[in-house]
Number of protein chains: 2
Amino acid sequence: MSNVKALPLLEPEGPDAVAPCCPPLSERPFTAEEAERTARMFKALGDPVRLRLFSAVASHEGGEACVCDISDVGVSQPTVSHHLKKLKEAGLLTSERRGTWVYYRVEPSVVAAMGQLLAVR
Amino acid sequence: MSNVKALPLLEPEGPDAVAPCCPPLSERPFTAEEAERTARMFKALGDPVRLRLFSAVASHEGGEACVCDISDVGVSQPTVSHHLKKLKEAGLLTSERRGTWVYYRVEPSVVAAMGQLLAVR
DNA sequence: ACCTTGGTTCGACGTGTGTCAACATAGACG
DNA sequence: CGTCTATGTTGACACACGTCGAACCAAGGT
């Protein structure tokens, strides 16, 4: 079972579970490379529509939601698909087709890593 | 000429309350308004240069840094100023002029609030 | 086969954003 | 005053981004 496949933001550096992408933001100044990687995650959540979609998936029963369940965010359906793709490329969501519907779920380790970036000293 | 907008993400009420902007992303689907407000914060950190500047301030000795200390991020000085302004408008940094230099420091409550948004259920 | 429903991809358009050079402003100091 | 240093602002430009309609793909049902 491929629980992790080519996440563009997580280097397979440690067998650890919490995906140590980068140290907390207040530990030391980020290098250009760290910033490049990390900014992609924040940018993915930097759009209101994407934030609503992500929140809808994250809060949905069972930890997953099909597009039909969450596509009521005020934009056209192609736009929803576009944003879900962006969230997927950022490593924040994964998708799987089961029959007629496509189900999205959050990647908990990546979200946890983002939370740790913001840990207060 | 004081066009200093009120912090768009924090209501000026609690002394050191943890900025009750929004519930965790996984608690319930965000409303359009919540998403609009919160996305501004994530978007501010969604640029590599801004992320480096923010990290430089956050990790600097004494919790504050003057522009001259952190402006070595590979872009021109006006661009640095522009990004610092963006971070300030997002409520993530505050600035204060002391004599010749301008010092920036992080707004801990806002960062803490962002961390809580990503709290895993 | 055909059609219907769910989702993605494509092509285009308008807006937003990052960047710089040039200029402007604010103190410090003589 | 004038001048130097440290930051901020303005204007302009190229590029990225969000959005939509139309076309396309994937499964199921009839």
Side-chain angles (χ1 to χ4, degrees), chain A residues 8 30 32 35-54 56-57 60 64-90 92-105, chain B residues 1-5 8 30 32 35-57 60 64-90 92-105:
Chain A
F30 265 28
E36 200 79 43
R37 239 182 314 162
T38 310
R40 255 174 290 180
M41 297 191 290
F42 284 109
K43 185 191 267 186
L45 293 182
D47 178 89
V49 175
R50 279 198 294 269
L51 207 46
R52 290 187 72 184
L53 289 171
F54 183 83
V57 172
H60 202 264
E64 67 178 11
C66 90
V67 181
C68 56
D69 288 329
I70 59 176
S71 56
D72 187 19
V73 287
V75 295
S76 71
Q77 210 258 338
T79 302
V80 168
S81 191
H82 164 72
H83 284 306
L84 288 172
K85 186 180 182 181
K86 285 290 192 79
L87 288 167
K88 213 167 96 179
E89 287 172 355
L92 295 171
L93 292 181
T94 59
S95 70
E96 178 196 1
R97 168 158 230 138
R98 288 206 297 275
T100 305
W101 296 278
V102 176
Y103 291 89
Y104 282 81
R105 58 171 57 241
Chain B
M1 212 188 286
S2 64
N3 55 351
V4 182
K5 317 165 137 185
F30 265 29
E36 200 79 42
R37 237 182 316 161
T38 310
R40 256 175 288 181
M41 298 190 290
F42 284 109
K43 185 192 269 185
L45 293 181
D47 178 88
V49 174
R50 280 198 294 271
L51 206 47
R52 289 187 72 185
L53 289 171
F54 183 83
S55 174
V57 172
H60 201 265
E64 67 178 11
C66 90
V67 181
C68 57
D69 289 329
I70 59 176
S71 55
D72 187 21
V73 287
V75 294
S76 70
Q77 184 268 329
T79 302
V80 169
S81 190
H82 164 73
H83 284 306
L84 287 172
K85 185 181 182 182
K86 285 290 192 80
L87 287 167
K88 213 168 94 178
E89 288 173 355
L92 295 170
L93 292 181
T94 60
S95 70
E96 179 196 1
R97 168 158 230 141
R98 288 205 297 275
T100 305
W101 296 277
V102 176
Y103 292 87
Y104 282 82
R105 60 170 56 240

Inset, instruction - Return the minimal non-hydrogen interatomic distance between Lys88(B) and Thr94(B), and the atom names on each side. - result: CG-CA, 4.3 Å
For atom [atom1] of [X] and atom [atom2] of [N], their distance in whole Å:
{"X": "Glu36(B)", "N": "dG18(D)", "atom1": "CD", "atom2": "P", "result": "13 Å"}
{"X": "Gln77(A)", "N": "dA26(D)", "atom1": "CD", "atom2": "C1'", "result": "13 Å"}
{"X": "Leu93(A)", "N": "dT8(C)", "atom1": "CG", "atom2": "P", "result": "11 Å"}
{"X": "Ile70(A)", "N": "dT8(C)", "atom1": "CD1", "atom2": "C1'", "result": "14 Å"}
{"X": "Lys88(A)", "N": "dG7(C)", "atom1": "NZ", "atom2": "C1'", "result": "11 Å"}
{"X": "Leu87(B)", "N": "dG8(D)", "atom1": "CG", "atom2": "C1'", "result": "15 Å"}
{"X": "Arg52(A)", "N": "dG18(D)", "atom1": "CZ", "atom2": "C1'", "result": "16 Å"}
{"X": "Arg97(B)", "N": "dA28(C)", "atom1": "CZ", "atom2": "P", "result": "9 Å"}

With 3.5 Å as the limit, what N/O pairs link the protein to nucleotides 17-19 of chain C?
from    : atom 1 : to       : atom 2 : distance (Å)
dT17(C) : OP1    : Lys43(B) : NZ     : 3.0
dG18(C) : OP1    : Arg50(B) : NH1    : 3.1
dG18(C) : OP1    : Arg50(B) : NH2    : 2.8
dG18(C) : OP2    : Arg50(B) : NH1    : 3.4
dG18(C) : OP2    : Lys86(B) : NZ     : 3.1
dT19(C) : OP2    : His83(B) : NE2    : 2.4

Inset, instruction - List the steps, then state whether salt bridge (charged side-chain N to carboxylate O under 4.0 Å, His left out) holds for Glu36(A) with Arg52(B). - result: CA-CA 9 Å; Glu36(A) 200 79 43; Arg52(B) 289 187 72 185; over 6 Å; no
Inset, instruction - Answer yes or no: is there a side-chain heavy-atom contact under 4.5 Å between Leu87(B) and Val57(B)? - result: no
Legend entry - Non-hydrogen side-chain atoms of Trp101(B) and Val67(B) separated by less than 4.5 Å: no
Inset, instruction - Looking at every strand, decide which applies to Tyr103(A) at a 4.0 Å heavy-atom threshold: base, sugar-phosphate, or nothing. - result: nothing
Inset, instruction - Taking the six-membered ring of Tyr103(A) (Phe, Tyr or Trp), confirm whether the NZ or CZ of Arg97(A) is under 6.0 Å from its centre and within 45° of its axis. - result: no
Legend entry - Nearest-nucleotide pick for Cys68(B), side chain only, options being dT7(D), dG8(D), dT8(C): dT7(D)
Quick check against the 3.5 Å criterion: does [X] have a side-chain atom that pairs as donor or acceptor with the backbone of [Y]?
{"X": "Thr79(B)", "Y": "Val75(B)", "answer": "no"}
{"X": "Arg50(B)", "Y": "Val80(B)", "answer": "no"}
{"X": "Ser95(B)", "Y": "Tyr104(B)", "answer": "no"}

Legend entry - Spatial distance of atom NE2 (His60(A)) from atom CZ (Arg105(A)) [nearest 0.5 Å]: 12.0 Å
Inset, instruction - Indicate whether OP1 or OP2 belonging to dT8(C) is found under 4.0 Å from a side-chain N or O atom of Tyr104(A). - result: yes
Inset, instruction - State the dot-bracket string of DNA chain C. Criteria: Watson-Crick or G-U wobble, both atom distances under 3.5 angstrom; notation: ( ) intrastrand, [ ] crossing earlier pairs, | interstrand, . unpaired. - result: ||||||||||||||||||||||||||||||
Inset, instruction - Tell me which of Lys85(A) and Thr100(A) sits closer to the 5' end of DNA chain C, going by the nucleotide each one is nearest to. - result: Thr100(A)
